[in-house]
Amino acid sequence: MTKSHILFLNVTGIVMFLLLWEVGGRIAGENLLAAPSIVVFEYIRLLFAGDMLRELVGSLRQMFVGFGLACAIGMPMGALMGRIRLVDALVHPWVSMVVVTSAAALAPIFILMFGTGFEFRVAIVFVSSFGYVTLTAYHGARGIDPKIIDVARSYSTGPVETYRKVILPALFPYLITGARLGLVHATRAMVMAEMFVLVGYGGLIFQTGQDLSTAPLISYLVTLMFVSVGANMGLGWIGRQLAPWYDSKMSAG
Amino acid sequence: MATKLSLNNLHKSFGRGKANPIEVVQDFSLDIRDLEFLAVIGPSGCGKSTLLRLIDGLIPADSGSILMDGRDISNKVGGEGRGMVFQSFDLFPWRTTQANVEFGLETNGVPKSERTGIAKHYIDLVGLTGFEHSYPHELSGGMQQRAGFARALAIKPEILLMDEPFGALDVQTRDILQNELLDIWQKEKKTVLFVTHSIEEAIYLADRIAVITPRPARVDRIIDVPFERPRTEDIKSRPEFLEMRQEIWSILKEGIKV
């Protein structure tokens, strides 16, 4: 299949989905499932009303603090776990526990610990993305070609320099992948956490859920989806910019 | 002639869990003379790569000693006048040619201003002018190994350790690089320890050839290569060349069990 074939099929799939949705929406009615023809106008109205984007920007700002912390701590920690057995044995159980624990289940205790403000949302976002960032870095670090470590040793590179100049760059593709995974989970957790305390974008979604029409609710979801997809693609783009060698890494042998 | 590197009674065995350890290198002694080109030849799997890794300190020997100009470097990992060229090139994919060649200088604390010039000099020497800013995946295998040479030469090693550097290349590229290696060796005046399994390559390049018997690796005999330098490809068709090839082959054949 060529690129244009794939694109054609992609578009066909989306159109079919929209048609199904339109038919379903006409049958179910606006207060159960607003049809896309209604959502489009509602979406434009909300875009200009300002609430949606203002709450979104505010929430994303807080999310990026939590996500940034998860990356800043998780990436070096995952790398150390992958290279040093002692560190791995010490923290692996904890990281695994963080990954499997549902952030929603932690929300009540975090509310007790941090209140319902900034710290709470940062904490929820942190625990929900930290594990993915860390474990992806960990698997990357374990898989580093020992031959490349030998080169560093052959040039009598010290452990700190080897870490900085060989292990971290070799890990780079894994760090980007981990960040992309983590970001998806961070976005989900942010909305979920805000629904608990009725603030920000999640709060907006929750409150709109009580309305008669489902059109605004669906509009909020569409925006959220765009943000997630956009951020994910953006990280991929940043990865390719910072590491022009990454895409063709396989052909380098 | 003075001895550059002397290997004395090296032993190395690898454990296999509960089974008896395999003796890979046993009582290995060899003197490499200053500024000579010594080829070590043996069949695949005879432990010659292990030997080179022992010499570079990448793996520790169980016993024995390695002396460079008389000083003991047995337990030193890398450096100490040793520059290694690897079989599969093993350039860093995230570094350009320039940055790959600078790597050893960087870790030896050579300041940035000096590094650039030194790296450029060796990039030109190996014929990679114009590819300074290319990444390894943009270079052919032959060019990657040229960069591998330049990286090893840049740290100005006293002895160049080469682990089947042309093993992963096609025959034509191999022939071209052999000639260029001889050129560079004549210009740079270095001691070279060159591991290979190609008899022709060993005869064409080396002053002396150490023929290794397989597992455990031991020196079977050392053969002097009489051809004058600089060498050109026509010596490959001389009767003496063919005779020597036959002689080495018959020694190797005894040790190979297929």
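Residue numbering restarts at 1 for every chain, and letters A, B, ... go by the order of the sequence lines.
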Residue pair B/F86 / A/S154: nearest heavy atoms and the distance that separates them: CZ-CB, 3.8 Å
Test side-chain contact (heavy atoms from CB on, under 4.5 Å) applied to B/W94 and A/V166, step by step: CA-CA 9 Å; B/W94 52 87; A/V166 180; 4.3 Å; yes
message: Please determine whether the number of non-hydrogen atoms from other residues, nucleotides or ligands lying under 6.0 Å from atom CZ of B/R71 exceeds 12.
response: yes
Proximal component of B/S88, with respect to chain A [non-hydrogen, under 4.5 Å]: side chain
statement: Bottom line for B/L58: the part with an atom under 4.5 Å from chain A's heavy atoms is both
message: Would you say that more than 12 heavy atoms from the other residues, nucleotides or ligands in this model lie under 6.0 Å from the CE of A/M97, or not?
response: yes
query: Under 6.0 Å from the CZ atom of B/F14, do we count more than 12 heavy atoms belonging to anything else shown?
result: yes
- prompt: So does A/M225 have more than 12 non-hydrogen atoms from other groups sitting under 6.0 Å from CE?
  reply: yes
- request: Considering only heavy atoms, give the residues of residues 99-125 of chain B separated from chain A by less than 4.5 Å, sorted numerically, with 'none' for an empty result.
  value: B/F103, B/G104, B/E106, B/T107, B/N108
Contacts of A/E119 that satisfy side-chain hydrogen bond (donor to acceptor under 3.5 Å, both in side chains) - sequence neighbours left out: none
message: Does A/N10, at its CG atom, have more than 12 non-hydrogen atoms belonging to other residues, nucleotides or ligands within less than 6.0 Å?
response: yes
message: So, taking the atom named CD1 in A/I149 and the one named CG in B/D90, what distance separates them when rounded to the nearest 0.5 Å?
response: 11.0 Å
- request: Go through the atoms of B/L139 and report whether side chain, backbone, both or neither lie under 4.5 Å from a heavy atom of chain A.
  value: neither
- request: Could you have a look at B/A152, B/G57, B/G141 and say which one has the most heavy-atom pairs with chain A under 4.5 angstrom?
  value: B/A152
field: Step-by-step side-chain contact (heavy atoms from CB on, under 4.5 Å) determination, A/S156 to B/V77
entry: CA-CA 6 Å; A/S156 37; B/V77 181; over 6 Å; no
- request: Decide side-chain contact (heavy atoms from CB on, under 4.5 Å) for A/V151 and B/R151; before the verdict, give the C-alpha distance in whole Å, the side-chain angles of both, and the deciding distance to 0.1 Å.
  value: CA-CA 11 Å; A/V151 175; B/R151 176 172 66 183; 3.5 Å; yes
statement: Pair count under 4.5 Å, heavy atoms only, with chain B: among A/D150, A/I148, A/T157, highest is A/D150
task: Please determine if A/R153 and B/D56 form a salt bridge, counting it only when a charged side-chain N lies under 4.0 Å from a carboxylate O.
output: no
query: Should we count CD1 of A/I6 as having more than 12 external heavy atoms under 6.0 Å?
result: yes
